[in-house]
A.B. asks: 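One structure is given below, represented as structure tokens, and several questions about it will come after.
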Amino acid sequence: MKLEWEYQEGVLLPTDSAYPTRMQLVADCCAVAEAITVKCGVHVLLTDDAYIREINRVHRGIDRETDVLSFPTVHYPHGQTAHDAQRLLRKEYTPDVDACFLGDILISVPRAQAQAKAFGHSLSRELGYLLAHGIFHLFGYDHVTAQQQKEMRQMEEKALGIAGITREGSAPTSPTDEQLLALAREAMQRSYSPYSRFRVGACVLSADGRLFTGCNIENASYGLTNCAERTAIFKAVSEGATDFTAIAIAAENAAPWPCGACRQVLNEFSNDMRVLVTWGHDAVEKTTLAALLPHSFGPKDLP
Ligand code: THU
């Protein structure tokens, strides 16, 4: 999922620096939970109470502040949500976003801040929750009836659960292989590969249960290209994760087996991590790093 960020002039930025990465992961997890394969884009405006109240009044006739508002571009046939209507989503393809544009989400930062404080959790977690709520509205969910509310809530919890955001007191569940592979495919959408046009995405699972995604990032000087696996691993290590249980890697037309450099970088951290590779429509192969890099040289070999 592609997020187009906008900040209302003068809005106080969230004080929790984890929010952009966390919100991107939540957005990807919403697409994975809804099992969407088309590349979707969403515009996110981080705003304040006065502006969200104004928009609420003008567009919904409700003269009140609120935490999140969403304005879908797709009108789903009765009883359908985004998963059932992917042909409709494709019609929303917008070249300048390079994605199928699903609509706008406005989030009041001060309101999110107050709610995070009231619930006693982090601001990035609250922003993640509000974003998921907005995205499921853009997917065609609503909460007019109790039944609709229940279904929407279930989907939000599914997406947030994959992202590692669970209800207070409930144990986090480990993402499935399918979910890891789907997150790698989502990360592939952000590939910067104008030279090879070989788009790759990766998703690494750390032993403490966190997920980090990455894409390949090319450069006009060619040699400075960073593979998707290393982008994901470097993001993870820079956030304090150094022990990994699995990496999923996705590409379009050919199997993206990690290159030699990436195998060595992965080996620095966990030689026994699982390596899951997907390409084409749904081809999948699973192995381990130990199998891909036998007789490895690593930290264990240095005094
Ligand atoms: N690439 C990866 O990101 N990961 C792999 O597993 C294989 C290759 C990238 C590097 C470059 O941007 C492009 O694919 C073509 O080599």
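Numbering of ligands and ligand atoms starts at 1, following listing order.
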A.B. asks: What protein heavy atom sits nearest atom 9 (C) of ligand 1, and how far away is it?
C.D. replies: Asn216 ND2, 3.5 Å

A.B. asks: Check each of Leu46, Val68, Leu69, Leu3 against Ile105 using the side chain to side chain contact (heavy atoms under 4.5 Å, CB included) test, and report the only one that passes.
C.D. replies: Val68

A.B. asks: Please find the pair of heavy atoms, one from Glu252 and one from Met188, that lie closest to each other, and give the distance.
C.D. replies: CG-CE, 3.8 Å

A.B. asks: Suppose we measure from atom 11 (C) of ligand 1 to each protein heavy atom; which comes out shortest, and what is that distance?
C.D. replies: Glu218 OE2, 3.2 Å

A.B. asks: Report the part of Trp257 (side chain from C-beta onward, or backbone N, CA, C, O) that has a heavy atom under 4.0 Å from ligand 1; answer both or neither where that applies.
C.D. replies: backbone

A.B. asks: Decide yes or no on side-chain hydrogen bond (donor to acceptor under 3.5 Å, both in side chains) for Ser108 and Glu65, but give the supporting numbers first.
C.D. replies: CA-CA 9 Å; Ser108 162; Glu65 288 141 22; over 6 Å; no

A.B. asks: Under 4.0 Å from a heavy atom of Ser196: which atoms of ligand 1 are those, numbered in the order shown and with their elements?
C.D. replies: 13 (C), 15 (C)

A.B. asks: Nearest 0.5 angstrom please: Lys300 NZ to Asn267 CG, how far?
C.D. replies: 6.5 Å

A.B. asks: Is Asp49 salt-bridged to Arg111, cutoff N-O under 4.0 Å?
C.D. replies: no

A.B. asks: Is there a protein heavy atom less than 4.0 Å away from atom 1 (N) of ligand 1?
C.D. replies: yes

A.B. asks: Can you tell me the protein heavy atom closest to atom 3 (O) of ligand 1 and the distance?
C.D. replies: Ala228 N, 2.9 Å

A.B. asks: Can you list the ligand 1 atoms lying under 4.0 Å from a non-hydrogen atom of Val200?
C.D. replies: 1 (N), 2 (C), 3 (O), 4 (N), 9 (C), 14 (O)

A.B. asks: For atom 14 (O) of ligand 1, what is the closest protein heavy atom, and at what distance to 0.1 Å?
C.D. replies: Phe198 CD2, 3.3 Å

A.B. asks: Could you list the atoms of ligand 1 found under 4.0 angstrom from a heavy atom of Thr225?
C.D. replies: 10 (C), 11 (C), 12 (O)

A.B. asks: Between atom CD of Glu178 and atom CG of Leu183, what is the distance when rounded to the nearest 0.5 Å?
C.D. replies: 10.5 Å

A.B. asks: Can you list the ligand 1 atoms lying under 4.0 Å from a non-hydrogen atom of Pro258?
C.D. replies: 6 (O)

A.B. asks: Any chance you could measure Arg197, atom CZ, to Glu218, atom CD, to the nearest 0.5 Å?
C.D. replies: 9.5 Å

A.B. asks: Report the part of Cys227 (side chain from C-beta onward, or backbone N, CA, C, O) that has a heavy atom under 4.0 Å from ligand 1; answer both or neither where that applies.
C.D. replies: both

A.B. asks: How far apart are the closest heavy atoms of Ala112 and Glu126, and which atoms are they?
C.D. replies: O-CG, 3.4 Å

A.B. asks: Indicate whether any N or O donor in one side chain lies under 3.5 Å from an N or O acceptor in the other, for Thr81 and Glu151.
C.D. replies: no

A.B. asks: Looking at ligand 1, is there an atom of it that comes within less than 4.0 Å of some heavy atom belonging to Ser193?
C.D. replies: no

A.B. asks: Tell me which protein heavy atom sits closest to atom 5 (C) of ligand 1, plus the residue, atom name and distance to 0.1 Å.
C.D. replies: Glu229 OE2, 3.3 Å

